[in-house]
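Below is one structure, written out as structure tokens, with a few remarks after it.
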2 protein chains.
Amino acid sequence: MSLSSQYNVITSPLGDGLHKDGKRLTPQRLKVLNLFENIGYGKHLSAEEVHEKLVKSSSKVSLATIYRTLRLLVQMGLLHELELSEGGHRYELLSNDTPDHHHLICIRCGRTEEFENEEVLEAGKVAAKINGFKLIESSLNVRAICPNCI
Amino acid sequence: MSLSSQYNVITSPLGDGLHKDGKRLTPQRLKVLNLFENIGYGKHLSAEEVHEKLVKSSSKVSLATIYRTLRLLVQMGLLHELELSEGGHRYELLSNDTPDHHHLICIRCGRTEEFENEEVLEAGKVAAKINGFKLIESSLNVRAICPNCI
DNA sequence: TATTCTCAATAATAACTCTAGATGAGAGTA
DNA sequence: TACTCTCATCTAGAGTTATTATTGAGAATA
């Protein structure tokens, strides 16, 4: 039996999106997406810049793969493509759902509800600042039992 | 190649604890632990009570397995054993770290810092109430980059 | 009564195999 | 310059097998 039938294995949005399509989660794809997550929202890079940055961080990924991966991540809705008037394209991280999204998860049936909360976002910011971290995103997971399962 | 070598598969504390010891994550073990999580902290049950409750919820687990599992969960530090003067033992969920614990996680090196925050706990409570869920616990995960990795 | 032991049957999961999807290097295209 | 294509090589992950931990039922123990 493969692990995918386990009760409690949680996978990434990238992995999930790829797998349900017969596609594969590769180190290269992860590196490209991580790069965008690291630089944060609102910043855009060209394919060449992505390539340079990965090479500098001793993560060699070929330019052809960069192009293929950028196209894929745009198709998956994880990146946004900007067309420049000077020619060429740039890519930026697309927040895939409500910013500052939190989840209420039923531990019995897995039902999930999203909600927003400003104080939670603020708490994340403060914690990051105190510890000298650069914030990327925060998500509150509330483990609970839904009405149907009580 | 087995999934365990993947980059981004997150497993449960129970699964992790068992696997690193060559032990297995079984439905029975999960059911027993879930039962304690569902009734919440501070409440204790005897082996017989655990058995009854599981049988009632149409989750048949043999009494022998209940005893074996309770001993295991105590060894793993997930449950606490109380010795009663009238004879027999009772078990209760052990909060394995700071209650209302939140995590600041470096997405590059994996370094993790814990912190507490009252507003976050409150936000979880409110969200659970609005949606009719019974709260179990909430944890805020802040994805960020630590000083060493910036 | 509360708990443990025995042992045949069951099943979690590590290990291995295999195949199609993905990559790298470099040539091709516009 | 900006990107795509080709193709040999590589590898992610599905599928399968095999091993051995775990379970259930009931007897045994204290």
Side-chain angles (χ1 to χ4, degrees), chain A residues 1-9 11-12 14-33 45-52 54-55 59-76 81-91, chain B residues 1-9 11-12 14-33 45-52 54-55 59-76 81-91:
Chain A
M1 180 193 287
S2 95
L3 255 187
S4 60
S5 65
Q6 289 296 344
Y7 343 92
N8 65 345
V9 171
T11 51
S12 71
L14 178 58
D16 286 349
L18 291 169
H19 292 162
K20 76 173 159 53
D21 232 356
K23 297 190 189 306
R24 293 171 187 180
L25 177 57
T26 65
Q28 291 87 346
R29 287 170 180 179
L30 211 51
K31 280 173 188 167
V32 172
L33 185 58
L45 299 174
S46 67
E48 189 54 56
E49 284 167 345
V50 170
H51 188 230
E52 272 174 31
L54 288 181
V55 168
S59 301
K60 278 169 224 150
V61 179
S62 76
L63 194 52
T65 295
I66 302 277
Y67 277 106
R68 285 186 285 234
T69 300
L70 289 173
R71 200 188 315 143
L72 178 73
L73 293 176
V74 169
Q75 281 167 6
M76 290 179 65
E81 189 180 55
L82 306 164
E83 184 128 23
L84 299 186
S85 52
E86 315 101 66
H89 298 88
R90 284 171 172 271
Y91 300 83
Chain B
M1 178 192 289
S2 93
L3 255 186
S4 61
S5 64
Q6 290 295 345
Y7 343 92
N8 66 343
V9 172
T11 51
S12 70
L14 177 58
D16 287 348
L18 291 169
H19 293 161
K20 76 173 160 45
D21 231 356
K23 297 190 190 302
R24 293 171 187 180
L25 178 57
T26 64
Q28 292 87 344
R29 287 170 179 177
L30 210 53
K31 280 173 189 167
V32 172
L33 185 58
L45 299 174
S46 67
E48 188 54 54
E49 285 168 343
V50 170
H51 187 231
E52 271 173 33
L54 289 181
V55 168
S59 300
K60 278 169 225 152
V61 179
S62 77
L63 194 52
T65 296
I66 303 278
Y67 277 106
R68 284 186 286 234
T69 301
L70 289 173
R71 199 189 314 144
L72 178 72
L73 293 176
V74 168
Q75 282 169 5
M76 290 179 67
E81 189 182 53
L82 307 165
E83 186 129 21
L84 299 187
S85 51
E86 317 100 67
H89 300 86
R90 284 172 172 271
Y91 301 85

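Naming: A, B, ... by sequence-line order, numbering from 1 per chain.
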Nearest heavy-atom contact between B:Lys23 and B:Leu72 is CD-CD1, 3.7 Å
If we ignore hydrogens and angles and just use 3.5 Å, is the side chain of B:His19 paired with the main-chain N or O of B:Gly15 as donor and acceptor?
yes
Interatomic distance where OH belongs to A:Tyr91 and P belongs to D:dA2 [whole Å]
12 Å
Which nucleotide in the set D:dG13, D:dC3, D:dA21 lies at the smallest distance from any side-chain heavy atom of B:Arg24?
D:dA21
On a heavy-atom basis, which atom in A:Lys31 and which in A:Ser59 lie closest, and how many Å separate them?
CD-CB, 3.6 Å
What nucleotide, of D:dG13, D:dG24, C:dA22, holds the atom closest to the side chain of B:Ser62?
D:dG24
Using a cut-off of 4.0 Å on non-hydrogen atoms, how would the nucleic acid contact of A:Gly88 be classed: base, sugar-phosphate, or nothing?
sugar-phosphate
Does anything in residues 64-72 of chain B come within less than 4.0 Å of DNA chain D? Heavy atoms only, and list the residues if so.
B:Ala64, B:Thr65, B:Arg68
Atom NE2 of A:His19 and atom C1' of D:dA12 are separated, to the nearest Å, by 7 Å
For the pair A:Arg90 and A:Glu81, find out whether any cationic side-chain nitrogen is under 4.0 Å from an anionic carboxylate oxygen.
no
Remember a base hit wins even if backbone is also touched, and classify B:Gly22 as base, sugar-phosphate or nothing at under 4.0 Å, heavy atoms.
sugar-phosphate
Length of the CG-C1' vector between A:Leu18 and C:dA22, whole Å
11 Å
Can you tell me how far P of C:dA22 sits from NZ of A:Lys31, to the nearest Å?
17 Å
Taking all non-hydrogen atoms of both residues, which atom of B:Arg29 and which atom of B:Arg24 are closest, and how far apart?
NH1-O, 2.7 Å
What is the separation between atom CD on B:Glu49 and atom P on C:dA2, rounded to the nearest whole Å?
10 Å
Specify the separation, in whole Å, of atom NE2 of B:His51 and atom C1' of D:dG24.
10 Å
List the atom of B:Leu18, the atom of B:Leu25, and the distance in Å for their closest heavy-atom pair.
CD1-CA, 3.6 Å
Please state whether the phosphate of D:dA2, meaning OP1 or OP2, lies under 4.0 angstrom from any side-chain nitrogen or oxygen of A:Ser46.
no
Under the 3.5 angstrom rule, does the side chain of A:His89 hit a backbone N or O of A:Ser46 as a donor-acceptor pair?
no
Could you give the CG-to-C1' distance, from A:Leu63 to C:dG28, as a whole number of Å?
15 Å
A:Asp21 atom CG is separated from D:dA14 atom P, nearest whole Å, by 13 Å
On DNA chain D, nearest-nucleotide positions of A:Gln28 versus A:His89: which is more 5'?
A:His89
